[in-house]
Amino acid sequence: MPSKPTDASPYQHAKAGAGSNRFHLSRVSPGDKPFSSGDKVRDRARVEELAVELDVRQNLLYADRRHKLLVVLQGTDTSGKDGTLRGVFGRMSALGVKTIGWKAPTESERARDYLWRIHQQVPAAGEIMVFNRSHYEDVLVPPVNGWITKAQTKQRYAHINDFERMLVETGTTVCKFMLHISKDEQRDRLQERLDDPTKRWKFAADDLSVRKQWDDYQGAYEALISATGTPWAPWTVVPADSKTHRNLMIATLLKRTLDGLDLAYPPDDPALAGLIVK
């Protein structure tokens with residue numbers, strides 16, 4: 001049994017001010033399982049239970065219509081963003097849960113500020129919106145490839161912090177998860193895609209080019225987590241070498257988040273009292 005089975009604090013980052021220490025991914029092992037019971041079968045069963053419990057809370061969120069939930073899933077290729085969507089959100093009604101997988105911006109999107117397309121997809125009242133990748137791609141890919149300067153990157157961090165603060169101040173809860181896998185685990189998952197004809201469509205030649213930039217991207221993640229882990233929108237780094245543990249940790253934290261919103265069904269219409277359907 002782990003010593004802290006439901007303690008997320010060592011994996012969360014919310015800077016206290018401009019002088020806060022830099023976050024280092026090395027302090028989180030991708031193989032950690034802080035939320036595990038120590039029994040994989042039991043953990044899988046708990047993920048299923050949590051998926052059902054989250055469905056109940058999502059229905060309540062939709063009926064309540066006072067809150068909005070934005071869930072950001074970030075991580076390197078093969079880190080498990082799609083698997084998280086299936087395992088954690090798969091039981092929820094499509095009526096109140098939406099997801100978008102962010103790709104490279106179109107020509108029309110590039111003609112506008114980089115947050116323009118993001119703002120159009122934030123959740124409405126009563127909704128859960130899940131970002132598979134997100135606006136954080138704009139402080140990962142461009143800096144790593146030298147398309148923007150350090151000053152421009154820092155400016156974007158400030159933009160994003162202000163953007164997320166505005167969302168929170170207008171009723172959106174922002175949960176940001178960085179799915180943290182090891183380089184060896186990524187190699188195994190990429191090879192699995194190549195070896196399995198049913199998964200080969202997921203593999204792109206560019207995956208290998210990006211893999212060569214592993215250290216650069218790890219540094220870029222450390223920088224953005226350090227700069228954009230805020231009190232209103234903290235980051236949680238999820239050890240994700242174990243797919244079961246990844247889903248267990250995220251589902252547990254999302255349930256905790258929804259339980260903290262004090263959700264309630266709207267009051268009954270007095271005209272319905274005593275009404276009998278014939």
Side-chain angles (χ1 to χ4, degrees), residues 1-12 25 28-61 69 71-99 101 128-133 175-203 235-261:
M1 290 288 290
S3 58
K4 295 181 179 180
T6 58
D7 184 8
S9 57
Y11 304 90
Q12 292 179 330
L25 281 173
V28 177
S29 170
D32 282 354
K33 298 179 182 179
F35 282 63
S36 175
S37 68
D39 184 312
K40 190 171 185 177
V41 174
R42 188 183 305 168
D43 287 351
R44 284 178 173 171
R46 181 54 183 152
V47 171
E48 286 297 316
E49 292 174 358
L50 283 165
V52 173
E53 292 171 9
L54 285 171
D55 176 50
V56 173
R57 285 155 180 79
Q58 179 265 315
N59 183 63
L60 182 55
L61 177 78
L69 179 62
V71 180
V72 172
L73 301 178
Q74 275 292 150
T76 61
D77 292 333
T78 77
S79 61
K81 297 177 289 294
D82 291 347
T84 300
L85 286 170
R86 290 190 297 271
V88 176
F89 301 91
R91 293 297 190 93
M92 294 184 185
S93 168
L95 188 64
V97 178
K98 298 180 180 178
T99 185
I128 297 175
M129 172 60 81
V130 187
F131 282 179
N132 183 336
R133 299 187 189 273
C175 294
K176 303 186 299 194
F177 298 105
M178 188 270 180
L179 310 186
H180 185 35
I181 62 170
S182 64
K183 192 174 184 181
D184 287 345
E185 181 67 20
Q186 188 195 55
R187 179 197 60 220
D188 293 344
R189 293 183 186 184
L190 286 172
Q191 191 64 52
E192 182 183 2
R193 288 181 179 181
L194 283 169
D195 295 343
D196 186 344
T198 67
K199 295 182 178 180
R200 204 169 292 154
W201 64 272
K202 292 185 175 183
F203 186 87
W235 276 101
T236 300
V237 177
V238 179
D241 273 4
S242 165
K243 298 174 182 179
T244 298
H245 174 266
R246 174 199 70 212
N247 290 348
L248 176 62
M249 183 170 179
I250 293 174
T252 300
L253 293 177
L254 286 177
K255 176 180 177 293
R256 188 178 299 173
T257 296
L258 288 169
D259 285 345
L261 294 180

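Remember, predicted model here, so these are calculated numbers, not experimental data.
Under the side chain to side chain donor-acceptor pair (under 3.5 Å) criterion, Ser93 pairs with no residue at all, not counting sequence neighbours. Scanning for side chain to side chain contact (heavy atoms under 4.5 Å, CB included) contacts around Gln12 gives Ala8, Thr236, with sequence neighbours left out.
Looking at heavy atoms from C-beta onward, Asp43 lies in side-chain contact with Thr244 at the 4.5 angstrom threshold. The side-chain heavy atoms of Met249 and Pro239, taken from C-beta on, include a pair separated by under 4.5 Å. A 4.5 Å side-chain heavy-atom check between Arg189 and Lys243 finds at least one atom pair inside the cut-off. Taking the side chain as every heavy atom from C-beta outward, Glu48 and Arg91 approach each other to under 4.5 Å. Looking at Phe203 and Leu190, their side chains come closer than 4.5 Å, going by heavy atoms from C-beta outward. In this structure, Lys98 and Ile128 have side chains that are not in contact, with every pair of non-hydrogen atoms separated by 4.5 Å or more. Looking at heavy atoms from C-beta onward, Leu69 lies out of side-chain contact with Gln58 at the 4.5 angstrom threshold. Counting only heavy atoms from C-beta outward, the side chains of Phe89 and Val130 approach each other to under 4.5 Å.
Between Arg57 and Glu53 the shortest heavy-atom distance is NH1-O, 3.0 Å. Here the closest non-hydrogen pair linking Leu85 and Thr99 is CD2-OG1, 3.7 Å. Nearest approach of Gly75 to Arg133, heavy atoms of both residues: O-NH1, 3.7 Å.
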Report task. Before giving the answer on side chain to side chain contact (heavy atoms under 4.5 Å, CB included), spell out for Leu254 and Cys175 the whole-Å C-alpha distance, their side-chain angles and the decisive distance to 0.1 Å. Result -> CA-CA 8 Å; Leu254 286 177; Cys175 294; 4.1 Å; yes

Report task. Show the numbers, then the answer: is there a side chain to side chain contact (heavy atoms under 4.5 Å, CB included) between Trp201 and Arg193? Result -> CA-CA 8 Å; Trp201 64 272; Arg193 288 181 179 181; over 6 Å; no

Report task. Decide salt bridge (Lys or Arg N to Asp or Glu O under 4.0 Å) for Lys202 and Glu192; before the verdict, give the C-alpha distance in whole Å, the side-chain angles of both, and the deciding distance to 0.1 Å. Result -> CA-CA 11 Å; Lys202 292 185 175 183; Glu192 182 183 2; over 6 Å; no

Requested in this report: Please step through side chain to side chain contact (heavy atoms under 4.5 Å, CB included) for the pair Asp195 and Gln191, ending with a clear verdict.
Outcome: CA-CA 6 Å; Asp195 295 343; Gln191 191 64 52; 3.1 Å; yes

Residues 176-184 side chain polar contacts: donor-acceptor under 3.5 Å, at least two apart:
| residue | atom | partner | partner atom | Å |
| --- | --- | --- | --- | --- |
| Lys176 | NZ | Tyr136 | OH | 2.9 |
| Lys176 | NZ | Glu164 | OE1 | 2.9 |
| Lys176 | NZ | Thr228 | O | 2.7 |
| Lys176 | NZ | Ala233 | O | 2.8 |
| His180 | NE2 | Val28 | O | 3.1 |
| Ser182 | OG | Glu185 | N | 3.1 |
| Ser182 | OG | Asp241 | OD2 | 3.1 |
| Asp184 | OD1 | Arg187 | NH1 | 3.3 |

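Exactly one of Thr252, Asp259, Thr257 qualifies for a side chain to side chain donor-acceptor pair (under 3.5 Å) with Lys255. That residue is Asp259. The one candidate from Val238, Asn132, Thr84, Asp82 that meets the side-chain contact (heavy atoms from CB on, under 4.5 Å) condition with Leu73 is Thr84.
For Asp32 (side chain) and Pro34 (main-chain N/O), no donor-acceptor pair under 3.5 Å exists by modelled atom type. Between the Ser79 side chain and the Thr76 main chain, a donor and an acceptor come within less than 3.5 Å of each other.
Atom CG of residue Leu54 and atom CE of residue Met92 lie 4.5 Å apart, to the nearest 0.5 angstrom. Atom CG of Leu253 sits about 11.5 Å away from atom OH of Tyr11, to the nearest 0.5 Å. Taken from CZ in Phe35 to CD1 in Ile250, the straight-line distance is 10.5 Å, to the nearest 0.5 Å. In this structure, NE2 on His245 lies 14.5 Å from CZ on Arg44, to the nearest 0.5 angstrom.
Under the 3.5 Å distance criterion, with hydrogens and angles disregarded, no donor-acceptor pair is assigned to the side chains of Ser37 and Asp39.
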